[in-house]
Amino acid sequence: MAEYNSLEKIRLQKLEDLRAEGIEAYPTRAKRTHLSSEAIAEFEEKEKDGIEVKATLAGRIRAMRAMGKISFAHIEDGAGKVQLFFRANEIGKENLDFFNRMFDIGDFIQAEGVMFRTKTGEVTLHVHDFKLLAKSISPLPAAKDETLEDGTVLRHAALEDPELRARQRYADLAVNPGVRETFRKRAAIVRALQNFLDDHGFLEVETPILQPIYGGAAARPFMTHHNELEQDMYLRISFELYLKRLLVGNLEKVYEIGRDFRNEGVSFKHNPEFTQLEFYWAYADYLQVMELTEQMVSHVAQKVLGTQKITYKGNAIDLTPPWRRLEMRQGILETSGIDIAEHKTAGELFKAIREKHPEKTPDPNATRGKLIDYLLSEFLEPTLIQPTFLHDYPRDISPLAKSIPGDSLTVERFEGYVAGFELCNAFTELNDPLDQEQRFIEMGRDYAADDEEKHPMDEDYLRAMRYGMPPNGGFGMGVDRLAMLLLDKHSIREVLLFPALRKED
RNA sequence: GGGCGCGUAGCUCAACGGCAGAGCAGUGGCCUUUUAAGCCAUUGGUUCAGAGUUCGAAUCUCUGCGCGCUCACCA
């Protein structure tokens, strides 16, 4: 049972008063002839000819100013804000009082009248009739907007508490127009990705989220149970193995945009469920995927933002292709002074790091691949502000990627970095079923010590691969991260409508 | 999971060991072109929860809860 605060009790009393007057606070039907922007535009067009513009508007009350025998209000609808003007002359003293007494900020209202321009020049609806569409009981944490001389809008008492904004996203959206804009743009980003891939001959598919076995990445899964089948199921941690099964089925270019689930830590760039884009492209290799990637990302920026030059955390970033290519070995050498090619075992590499950088403390038990990863994140990653494809990765941290011909320690893999963080990950996919089986076995050994991250053998995937899989290039990108990058948001929570939070109470 | 920080009115914040306050919102009044409208009056608090120290706790200590930052984890 809800407990009401004093402000809510006042509004509940208003509901009772309305009922006593026979007025429905939540009527079934509404009427609207114009969006706010349409009514304003039509008025401005016909103003010089003196043609009257009648309009019925509907929206949510954002501000009210009662001034004796007149009242002003601002309502907001899907297109923006517009001012309402009520005057006793037209609607009568009784109706004006009724509006002032019974309506609150946050209520939905329908108002019919004629557009005009006030003394101060604002295009406004002169209301002749109005109707309550839905009463708001809990006061929205509404801000007040002050428009300064230079036209900038200053917000007062805006809803800012990050917890409240995430927990009550409905209130955040209702009160902070910029948040609505963020999610419109996020939708546009996803649509632009789909259009781009569709136009390049890729087929959008949907593969299982509930899986009998998980794979395609190294992450702890969420587990669940199917009662009738009497078996445990996992929420997918990647799409990879299912999408590559489709290549076996002669679907040559496939992609999926959907949700992945990883039972791991939460941070400014990690949410337990996140949106991933993966595509697989038969007969292509990682170099072709690289080219498609830079075209795709710059295309999305152009579509959504109208430019390929963006700003992230104050850094000017140019997404225009071609992006810089940097061999990982070279990048690590330049930033850390260590040539990983000269240290072919974990022990040697560990020693080299300790000698060159005594202040650093890598894990002495790490594999060579993990140590390279360490060098990458400690030295190289922070320098990769402009878009960069870092390529050619150690084999032992890339179990699903194909080796470079003639170099068994290195695989054809790249990661795209922008603004210092990893945006995407791609490689020439391993399509040799016997090699793949061997890698699964190795992974099982590597992870045996850590029971939580056991890497299961996917027998059905191997069976598919034995039918024959064309050589192909694969690609994965966090769509939330792309949205963060393009929208200059510095936490994944800002681009997720309902980010994961601990339950209340 | 570790470290650091935060939690005060519906919202934004002050008070930092001595009467819990302001602006906005709300309520009542005045006001026929306002726009953070203005003016007058006024309501509103388990200071996140619990325990402790103290003559006295929003303030200091401990525990718990939630959030933020950060580290670890995340091939």
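Model, not experiment: these values are computed from the prediction. Chain naming here is simple, since letters A, B, ... match the order of the sequence lines and numbering starts at 1 in each.
In this entry the distance linking CG of A:Asn425 with P of B:A75 reads 9 Å, nearest Å. In this structure, A:Lys269 atom NZ and B:C73 atom C1' are separated by 12 Å, rounded to whole Å. For the pair A:Leu371 CG and B:A75 P, the interatomic distance rounds to 16 Å; values are reported in whole Å. To the nearest angstrom, C1' of B:C73 lies 14 Å from CZ of A:Phe268. If you take OH of A:Tyr374 and P of B:C74, they are 14 Å apart, rounded to a whole angstrom. Between A:Met64 atom CE and B:U33 atom C1' there is a gap of 17 Å when expressed in whole angstrom units. Rounded to a whole Å, the CG atom of A:Asp145 is 15 Å from the C1' atom of B:A37. Note: NZ (A:Lys93) to P (B:C31) measures 8 Å, nearest angstrom.
When both pairing distances are held under 3.5 Å, B:G38 makes a Watson-Crick or G-U pair with B:C30. Checking B:U8 for Watson-Crick or G-U wobble geometry (two distances, each under 3.5 Å) identifies no partner in any strand. As the counterpart of B:C19, no nucleotide is assigned, since no Watson-Crick or G-U wobble pattern has both distances under 3.5 Å. Under the Watson-Crick or G-U wobble criterion, with both distances below 3.5 Å, B:C69 is paired with B:G3. As the counterpart of B:G45, no nucleotide is assigned, since no Watson-Crick or G-U wobble pattern has both distances under 3.5 Å. Checking B:U59 for Watson-Crick or G-U wobble geometry (two distances, each under 3.5 Å) identifies no partner in any strand.
In this structure, a donor-acceptor pair under 3.5 Å is absent between the side chains of A:Arg493 and A:Asn271. A:Glu264 and A:His270 share no donor-acceptor pair across their side chains, judged by distance under 3.5 Å alone. In this model, a donor atom of one side chain and an acceptor atom of the other lie less than 3.5 Å apart for A:Gln13 and A:Asp17. One side chain, A:Ser36 or A:Asp77, offers a donor N or O that lies under 3.5 Å from an acceptor on the other.
Between the C1' atoms of B:A9 and B:G44, the separation comes to 6 Å (whole Å). Atom C1' of B:U59 sits at a distance of 15 Å from the matching atom of B:C48, rounded to the whole Å. Comparing B:C71 with B:U8, their C1' atoms sit 31 Å apart, to the nearest whole Å. The separation of B:C6 from B:A75, taken at their P atoms, amounts to 34 Å, rounded to a whole angstrom. Here, B:U43 and B:C24 have their P atoms 16 Å apart, quoted to the whole Å. Annotation: B:A22 and B:U42 have their C1' atoms spaced 15 Å apart (nearest Å). As rounded to the nearest Å, B:U54 and B:G23 have C1' atoms that lie 35 Å from one another. As rounded to the nearest Å, B:A72 and B:G3 have C1' atoms that lie 11 Å from one another.
For A:Leu400, counting side-chain heavy atoms from C-beta on, the closest listed nucleotide (B:C67, B:C13, B:A75) is B:A75. Listed nucleotides B:A75, B:A37, B:C67 differ in distance to A:Pro399; the shortest reach to its side chain belongs to B:A75. Of the listed nucleotides (B:U34, B:C11, B:C67), B:C11 has the atom at the smallest distance from the side chain of A:Leu159. Taking every side-chain heavy atom of A:Lys119 into account, B:U33 is the closest of B:G26, B:U34, B:U33. Ranking B:C73, B:U34, B:C11 by closeness to the A:His270 side chain, first place goes to B:C73. With B:G10, B:U34, B:A75 as the choices, the nucleotide that has an atom nearest any side-chain atom of A:Phe72 turns out to be B:U34. Residue A:Met67 places its side chain closer to B:U34 than to any other of B:C13, B:U34, B:G26. Distances were taken from every side-chain heavy atom of A:Asp373 (C-beta onward) to each of B:G66, B:A75, B:A37; the shortest belongs to B:A75. The side chain of A:Arg87 has B:U32 as its nearest neighbour among B:C74, B:A25, B:U32. Of the candidate nucleotides B:A75, B:C13, B:U34, B:U34 has the atom lying nearest to any side-chain atom of A:Thr124.
A donor and an acceptor atom never sit less than 3.5 Å apart when one is taken from the side chain of A:Asp161 and the other from the base of B:U12. Judged by distance alone, with hydrogens and angles left aside, A:Thr118 brings a side-chain donor or acceptor within reach of the base of B:U34, the pair sitting under 3.5 Å. Contact annotation: side chain of A:Gln83 to base of B:U34, donor-acceptor pair present below 3.5 Å.
OP1 or OP2 of B:U27 lies within a sub-4.0 Å distance of a side-chain N or O belonging to A:Lys14. The phosphate of B:U34 has neither OP1 nor OP2 within less than 4.0 Å of any side-chain N or O from A:Arg65. An OP1 or OP2 oxygen of B:C67 is reached within less than 4.0 angstrom by a side-chain nitrogen or oxygen of A:Arg167. Residue A:Lys370 has a polar side-chain atom (N or O) positioned under 4.0 Å from OP1 or OP2 of B:C74. Within the structure, every side-chain polar atom (N or O) of A:Lys9 is placed at least 4.0 Å from both OP1 and OP2 of B:G44. In this structure, A:Arg220 does not reach the B:C73 phosphate: none of its side-chain N or O atoms is under 4.0 Å from OP1 or OP2.
Using a cut-off of 4.0 Å between Lys/Arg side-chain N and Asp/Glu carboxylate O, A:Arg245 and A:Asp458 are scored as salt-bridged. No salt bridge links A:Arg236 with A:Glu278; every basic N to acidic carboxylate O contact stays at or beyond 4.0 Å. Look at A:Glu240 and A:Lys244 and you find a salt bridge, because one of the NZ, NE, NH1 or NH2 atoms lies within 4.0 Å of a carboxylate O, short of that distance.
Side-chain atoms of A:Arg439 never come within 3.5 Å of backbone atoms of A:Asp435 as a donor-acceptor pair (strictly under, hydrogens ignored).
Contacts of A:Ala166 with the nucleic acid, taken as non-hydrogen atoms under 4.0 Å apart, are absent. Residue A:Phe274 is classed as having no contact, given no heavy-atom separation below 4.0 Å to the nucleic acid. In this structure, A:Arg493 reaches the sugar-phosphate backbone alone: every heavy-atom distance under 4.0 Å involves primed, P, OP1 or OP2 atoms, never a base. Within the nucleic acid shown, A:Arg117 has no heavy atom closer than 4.0 Å to any nucleic acid atom. A:Leu140 comes within contact range of no nucleotide atom at all, as no heavy-atom separation falls under 4.0 Å. Residue A:Leu7 is classed as a base contact, given a heavy-atom separation below 4.0 Å to a base.
Judged by closest nucleotide on RNA chain B, A:Arg101 is the one of A:Arg101 and A:Arg262 placed further toward the 5' end. When each of A:Ala63 and A:Glu160 is assigned the nucleotide of RNA chain B with its nearest heavy atom, A:Glu160 is the one assigned upstream, toward the 5' end.
The structure places CE of A:Met115 at 9.0 Å from CD of A:Glu44, a figure rounded to the nearest 0.5 Å.
No close placement of the A:Tyr393 and A:Phe427 rings is indicated, their centers lying 6.0 Å or farther apart.
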